[in-house]
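Following: one structure in structure tokens, then a few remarks.
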Number of protein chains: 2
Amino acid sequence: MSTGEKLIVATQELLWERGYVGTSPKAIQQRAGAGQGSMYHHFAGKAGLAAAAVRRSAEQLRATAEGDLRSSGSALERVRAYLTRERSVLRGCRIGGLAQDPDIVADPELRRPLEETFGWLRDQLTEVLEKGRRSGELTAELDARATAATIVAVVQGGYVLARSAADAAPFHQAVDGLLRLLEGARAQTSPPGLRPGTETLVKSLPGRLGR
Amino acid sequence: MSTGEKLIVATQELLWERGYVGTSPKAIQQRAGAGQGSMYHHFAGKAGLAAAAVRRSAEQLRATAEGDLRSSGSALERVRAYLTRERSVLRGCRIGGLAQDPDIVADPELRRPLEETFGWLRDQLTEVLEKGRRSGELTAELDARATAATIVAVVQGGYVLARSAADAAPFHQAVDGLLRLLEGARAQTSPPGLRPGTETLVKSLPGRLGR
DNA sequence: GTCTATAACTTGATAGAC
DNA sequence: GTCTATCAAGTTATAGAC
């Protein structure tokens, strides 16, 4: 691995662990096994190196989410795959965690990858939900765009609750609560073309929020 | 206001704006209009002062949330009051934002107010939802505890999305999506004692997720 | 490309005068 | 109680040797 690469990887790790404000060039150099001169030769200071590291982390997050959301199955199964993927909950989100950092949100070049990542993620989820709605899996009243924002927010907020409690449980509880609510958004009427009797409709109700 | 008070207030502001790692004793002293000696006379260094400030912010957050959740109305109306209260969305949560700070979560004295605040908040919401469930307003299948975690997570995650986008819209969208899902958790059968006809049941369905 | 030296400044705290 | 002086260590670079 080149020195430039090592510096980016070290910066990614430190940004995740300590944020931008809490990460010093010295710490980056030590972790990367590179000297001062190397760092300033390859990058334009701390901000330039951080920008490269944040863009890299954003790419990786996208690749991972893409795997979950493009899995086979119904819309709800894809959303469930995304929500229940294994995560290092107590470490938090590599991208979302940076949103709290004042120097990240103040610098457009550092903030843009965050905005783009969450925008892309909401777009992907919106598409999955909208397809589920149009196929008759989800209720016609579902607002796919708003629901997508809710899903992403639950994950990001779950991290906050887990780190506050030093325990992953609140994260999983929040996800569980969301999944139950989403199951309540399954269409009660059948997809276009079928005509269920009233009895079918009524019988399906008690299980609306069950697993 | 006493010098001790001024130092606490200044620290509260700076913790909100810049986090713990990003806040220096010097900045606190300047904002409070106090010298080095004053600060170290009243508090045991940066950590001690921060602990007092975090506890103060936690108390204030609780008082505010209590006002929303103890308002009159149905369970859903109380939850809605909490979720739609006016917030300075782009500033983020004074308490939740600190969960990202490595030095906050590493120090039990600094992290405990966060854990207690979110624990208390989830307890309050659980109680509101459970009352709604038992009264027949909400579906019997609702998991009050998990749903409470989801609600808190949406707010905290909404802040993350808004700060990432430098725009309050994603916050409001996430809350909107959650409120629509919660309306889908309204009981379809009437409270115990009433016996609605099938017609009423069917007619109520199309509005399940509407406003 | 990578290294060390140096610089100007900030950080977090202590000492002691008043 | 509040102030200024002082301090060792760290921060974010730049300069120039190799």
Side-chain angles (χ1 to χ4, degrees), chain A residues 1-56 97-98 100-111, chain B residues 1-56 97-98 100-111:
Chain A
M1 190 159 37
S2 71
T3 302
E5 274 299 307
K6 283 193 289 190
L7 284 165
I8 289 180
V9 171
T11 306
Q12 284 185 280
E13 292 174 3
L14 283 164
L15 287 179
W16 196 359
E17 293 168 18
R18 307 207 31 92
Y20 181 79
V21 169
T23 297
S24 70
K26 189 181 185 180
I28 294 170
Q29 292 150 25
Q30 287 177 337
R31 187 168 300 206
Q36 293 262 88
S38 281
M39 188 188 122
Y40 286 100
H41 171 75
H42 289 284
F43 299 95
K46 178 180 170 179
L49 176 47
V54 173
R55 283 195 298 267
R56 177 72 61 86
L98 299 173
Q100 195 53 41
D101 207 301
D103 291 0
I104 293 277
V105 296
D107 183 338
E109 206 188 338
L110 290 171
R111 187 184 59 75
Chain B
M1 191 159 38
S2 72
T3 302
E5 274 300 307
K6 282 193 291 189
L7 283 164
I8 289 181
V9 171
T11 306
Q12 284 184 280
E13 292 173 3
L14 283 164
L15 287 179
W16 195 0
E17 292 169 19
R18 303 205 37 89
Y20 181 79
V21 170
T23 297
S24 70
K26 189 181 186 181
I28 294 171
Q29 292 150 23
Q30 287 176 337
R31 187 168 300 207
Q36 292 262 85
S38 280
M39 187 188 123
Y40 286 99
H41 170 76
H42 289 285
F43 299 96
K46 178 180 170 178
L49 176 48
V54 173
R55 284 196 298 268
R56 176 72 60 86
L98 298 173
Q100 194 52 39
D101 206 301
D103 291 1
I104 292 277
V105 295
D107 183 338
E109 207 188 338
L110 290 172
R111 186 184 58 75

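Chain letters run A, B, ... following the sequence lines, proteins first, then strands; residues in each count from 1.
- Here the side chain of A:Glu5 pairs no donor or acceptor atom with the backbone of A:Met1 at under 3.5 angstrom.
- For the pair A:Tyr20 OH and D:dT11 P, the interatomic distance rounds to 13 Å; values are reported in whole Å.
- Under the side-chain contact (heavy atoms from CB on, under 4.5 Å) test applied with B:Leu15, the options B:Leu49, B:Asp101, B:Leu98 reduce to a single match, B:Leu98.
- Figure legend: B:Lys46 and B:Tyr20 shown as a cation-pi pair, the cationic atom lying under 6.0 angstrom from the six-membered ring centre and within 45 degrees of its axis.
- Rounded to an integer number of Å, the gap from A:Asp103 CG to D:dT11 P is 15 Å.
- Residue B:Thr3 has no polar side-chain atom (N or O) positioned under 4.0 Å from OP1 or OP2 of D:dG1.
- B:Glu109 has a carboxylate O that lies under 4.0 Å from a charged side-chain N of B:Arg55, or vice versa, which qualifies the two as a salt bridge.
- The main-chain N or O of B:Ala34 is never found under 3.5 Å from a side-chain atom of B:Ser38 such that the two would form a donor-acceptor pair.
- In the set C:dC3, C:dG1, D:dT12, C:dC3 carries the atom at the smallest distance from any side-chain atom of A:Ser38.
- Between B:Lys26 atom NZ and C:dG12 atom C1' the separation is 12 Å, expressed in whole Å.
- The NZ-P distance, from A:Lys46 to D:dT12, rounds to 4 Å in whole Å.
- One interatomic measurement links the two molecules: CD1 of B:Ile28 to P of C:dT10, which rounds to 16 Å at whole-angstrom precision.
- Here C:dA13 is the nucleotide among D:dG1, C:dA13, D:dT12 with the atom lying nearest to any side-chain atom of B:Tyr40.
- Rounded to whole Å, atom P of C:dG12 lies 12 Å from atom CG of B:Leu49.
- In this structure, A:Met39 places its CE atom 10 Å from P of D:dT14, rounding to the nearest Å.
- Take the nearest nucleotide of DNA chain D for A:Gly37 and for A:Gln29: the residue whose nucleotide is more 5' is A:Gln29.
- The side chain of B:His41 places no N or O atom within less than 4.0 Å of a non-bridging phosphate oxygen (OP1 or OP2) of D:dC3.
- Checking D:dG1, C:dT14, C:dG1 against every side-chain atom of B:Gln36, the shortest atom distance belongs to C:dT14.
- Between B:Ser24 and C:dT11 there is a side-chain N or O to OP1 or OP2 distance below 4.0 Å.
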